[in-house]
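Just so you know, these numbers use all the heavy atoms, side chains as well, and skip hydrogens, waters and symmetry mates.
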Amino acid sequence: MNIPGIHDILMWLVIIALVVLVAMSGMCLNRMYIHRAHRKAIAELHRRLLEESCREEHYHEMERSMSRE
C-alpha cells in the first residue's frame with residue numbers, strides 16, 4: 001500500500017471543504033426561503049383574522065341598530 005502524498009491529501013481536503021461549503025450554503029438558502037414563506041403565511045393569517053373581526057363588528061353593529069328600532 002502506498003502512502004498518500006501531500007497532493008492527494010490536499011485534494012481530498014479541498015473536495016471535503018467544497019462539499020461542506022455547498023451544503024452550508026444550501027441550508028442557509030433553504031432557511032431564508034422557509035422564513036420568507038412563513039412570514040407570508042403569518043401575514044395572510046393575520047389579514048384574514050382582521051377581516052373576520054371587522055365583519056363581526058359590522059354584523060354586531062347592524063344587530064344593535066335593528067334591535068333599537
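Rounding to the nearest 0.5 Å gives a distance of 9.5 Å between CD1 of Ile9 and CD1 of Ile3. Here the straight-line distance linking atom CD1 of Ile34 with atom CG of Leu29 works out to 11.0 Å at 0.5 Å rounding. One finds the CZ atom of Arg31 at 8.0 Å from the NE2 atom of His35 (value rounded to the nearest 0.5 Å).
Screening Val14, Leu13, Ile15 for a side chain to side chain contact (heavy atoms under 4.5 Å, CB included) with Met11, the sole residue that qualifies is Ile15.
A salt bridge links Glu44 with Arg47; the closest basic N to acidic carboxylate O contact falls under 4.0 Å.
Not counting sequence neighbours, the partners of Arg36 by the side chain to side chain contact (heavy atoms under 4.5 Å, CB included) test are Met32, Tyr33, Arg39, Lys40.
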